[in-house]
2 protein chains.
Amino acid sequence: MSQKATIHDVAHHARVSVSSVSRALNNYPHVSEALKTRVVEAAEELDYQPAFLAHSLRRGETNSIGFLVGSIANPVISTIYEAAAEALATNGYAVTLVSSRNQADLDIACLRLLASRQVSGLIVSSASESPEPSRRFIQETNIPTALLDREPVDGERVFAVQSDHESSVRKAVLHLVENGHRNIGFIGGPQGFYPTQQRFRAYQEALAEAGIPPRSELARFASFTETDAFAEALLLMRNRPQPSALIVAGNIILIGALQALQDRQLTVGRDIALVACDDIHLTQLYRPPVTVIRRDLNLLGKTAARLLLQGIANNGNRTDRVIKLPTQLVIRESSDYLCDELFTRG
Amino acid sequence: MSQKATIHDVAHHARVSVSSVSRALNNYPHVSEALKTRVVEAAEELDYQPAFLAHSLRRGETNSIGFLVGSIANPVISTIYEAAAEALATNGYAVTLVSSRNQADLDIACLRLLASRQVSGLIVSSASESPEPSRRFIQETNIPTALLDREPVDGERVFAVQSDHESSVRKAVLHLVENGHRNIGFIGGPQGFYPTQQRFRAYQEALAEAGIPPRSELARFASFTETDAFAEALLLMRNRPQPSALIVAGNIILIGALQALQDRQLTVGRDIALVACDDIHLTQLYRPPVTVIRRDLNLLGKTAARLLLQGIANNGNRTDRVIKLPTQLVIRESSDYLCDELFTRG
DNA sequence: TGGAAATCTGAAAACGATTTCCGAAACTTT
DNA sequence: AAAGTTTCGGAAATCGTTTTCAGATTTCCA
C-alpha cells in the first residue's frame, strides 16, 4: 500500500515531471506556488513517502546513527541511551542499537556492522577491555563519533563525554576515612575499562592523601556480571583484616556485592560501610539507603547527542572535543556512621 | 577509506567484469573456482563491502528490523530487547530501536518512521493506552510483526508472544487469601495496557473464587512513572480498612509502591504483604525479599525474534500465530506470613 | 518593444549495487 | 569435427530518489 507510491506516480498524478515533484517536496527555490500545491496535493492523495533507501543512496546520508553498547540491560546505559535517542530523534535521526554483550572481541565486529550500514554518526558506550582495535577503527573510518566515558581518541570528528569520577571517589574515600575507616575495599569493573581506571586511581590517591598505605589485596576487579562481582566481593570480604568499608564501582558490581554481603550475613550500615557508583532505584530503596556517587545520566546522553550532531553539522569545525560532566557524592545511611574501630583503637 | 571501494574497483582490480564480481560474491552457479578466489582476494585486498543502501535498494530488503518500545529504561523491556536483538543479529539483521517514551500518541508516529525506513520486520512492545490506530497501521502495512504482550492483531504475518499472567496472579491472590488476607489491593499500569487488563481480570476472578466481594476502591491504576505509582499507592494505603496485602503489576509500579510504603512507615512482610510482577534485582535484594510472578524474559525475547524471522521467511505460510509463555509464582518473605487479622478476627 | 535577467520546468545523469540478456570463448561430448 | 555445455564479459535495465543541465517561459527595465 503505502510502499507502492513512488515519485513517478505522484508526478503522473499531478501531471508534472519527476524532477518538479522532487523540487516541490524539498522546498527548492524557483518553484511556483501553483505547481507546489498541485504536487503536495497529489502526494497527500497517494500517501507518498520518499523511499528511504533511494533517498539516502542519492544523498549519501542515512540520517541514522549507530549506538554501540556493552549491554542495554544495564540500567545506567539504557537511561543514557533513552536520553540520547530522544535528542537524536527530534533532529530527524533514527538510531540502530547494537550490543556487544560485553565481549571485547565482538566490539570491533559491531563497529564494522554499523559502518557498513553507512551510519551518519556513532555513539560508543561499549566497555571493551582492550579498546585499541576499535579505537583505530574509529580513527580510520572518519565517521563522527561520540565516546561515552572512554579515553578520547585523536581525530577530527571524534568527541568524548566523560564524568568526573575522580573527584567524587576522592570525596568518598575521605568521607570514609573521616568516619574512622582504614580498611577500605574497592571493587571495580574490568581493569581496562576507563571509568574503572579513573575511579581506582582516585581511590589510591585519596588513600595516600589520607596517609593510609594502599594494600593491593583490598582492591578487586570483576567482569560485568553479577556472578563474577559476587565472587570477587566474597573473596574480598574473606580478607583479614576484613574491610570495614567498601567502594563498588558500578551498578552491576553493586548487585554482586550486596549478594555477597547478605551471604556473609554482614549488615550494611553497621558491619560495613558502602558507597556505590550511580544512583539507581535499588540504591534509594535499599535499607539502609546506600551512599552513591551520582551523575546526571540524562545530561550525559543529551550531551553526547549534541556533540555528535554538532560534529556532523560543522564537518570539522572548532568545537569542544571533550566535555567532563560533574558528579556528586550523596551520603546516605549506608556509610553515614562512625566505624567501630575508631573506638576499639582509640 | 572503507567507504570508497565499489564493486567496479573490485572488478578492475581482479581484472574481471562487474557482473562476475557480483556473481562470485553472491555464490551464483556457473562460476569457476579460479574466478571466485580471484574475486574474493581482490575484495579482501580492497576491504570491499557492498554498499548497504545500493544493495538494499536493489534487493528490496533492508535486513533490518524495527523495535518499538515504550521505554528502554525499563529493565524488563531492555532485557527482552537484549535477548531478541542477539537472536536477530546472529541471523544477519540489525535493529533500529525507537522509544515512544510511553506516550500513546507518539506510538503511531514511531511506527510510521520505522515503516518509512523500510524495515523487514517489526517487534512492538510499546504500551500504548489506545492501541487502535497502531493496530490498524500494522494490519494495513503488511510488515511482518511480532507483538509482545499485546492483544493479537488479525493479519497474515502478525504474531504475538504473550505471558500467562492470569494463572500466576490467580495463584498469588489465593496464596494471600490462604494467609488470611481479605483486603487485597491491586495497583496496575494503564488500564488500556494489555497485561494490566489480564492481571486485573485474574485478580477479580480469583477474589470471586475465594468468596471475597471485590471492592473497587482497592484497585488503582497508574501510568508508567514512579511518581504516579507513588501517588496511587499512597491513595490506596490511605483507604479504610487499609489493605493488608498488595499486588503490584509491573516493576515501575513496584518502585512507586515501595516508596509509598516507606513513606507511610509500613514494613513489608509484617504490616503489609507484597507481590510484584517480574523478578528484577530489586525484588531479590530487597529486605525482605519480595514475592514475584516470574517469567523468562530471555525466552520471551528469543521467541519473538524466532516467530518474526519465521514470518519473514515463509511469507504467509502456516506457523503458530500466538504463543503464550508460562509464568511462575515465587513466594518469598514479603508475603510468606500469616495475616494479623486472621487472629484478631478468629 | 527588444533583450537581458529571472523564473519555471523536463530530460537525463547520477548514486552503487543486482540482474538480465546476449554473445564469445573454452571445454567437453558424441 | 560438429554439437552441446559451461564459463565469463559487456552492455543495459532496474531500484527510487536527487541533482545537474539546458531549454522554455515569463518578468523587468530601458
From [options], pick the nucleotide closest to the side chain of [X]?
X       : options                : value
B:Tyr28 : C:dG16, C:dT19, C:dT18 : C:dT19
B:Thr6  : D:dT17, C:dC8, C:dG16  : C:dG16
A:Leu57 : C:dG16, D:dC8, D:dT17  : C:dG16
A:Ser20 : C:dG10, D:dT19, C:dG16 : C:dG10

Between B:Glu41 and B:Arg38, does at least one N-O distance fall below 4.0 Å, as a salt bridge requires?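 Salt bridge flag = no for B:Arg38 with B:Glu41.
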To the nearest Å, give me how far apart CG (A:Asn26) and C1' (D:dT20) are.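 Taking CG of A:Asn26 and C1' of D:dT20, I get 15 Å after rounding.
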Would you mind reading off the bend of the helix from C:dT1-D:dA30 to C:dT30-D:dA1 from its two end axes, five pairs each, to 10 degrees? 40°
Is there a donor-acceptor pair under 3.5 Å between the side chain of B:Arg321 and the backbone N or O of B:Val158? yes
Can you confirm whether B:Asp154 is buried at CG, in the sense that more than 12 heavy atoms of other residues, nucleotides or ligands lie under 6.0 Å from that atom?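 Check fails, neighbour count at 12 or below.
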Within the modelled atom types, does a donor on one side and an acceptor on the other bring the side chain of A:Arg58 and the base of D:dT17 under 3.5 Å apart?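 Check fails, no donor-acceptor contact within cut-off.
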D:dT18 phosphate, OP1 or OP2, under 4.0 Å from A:Ser22 side-chain N/O: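 Checking D:dT18 against A:Ser22, a side-chain N or O does come within under 4.0 Å of OP1 or OP2.
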Distances for protein N/O vs nucleotides 21-26 of chain C N/O pairs under 3.5 angstrom?
none

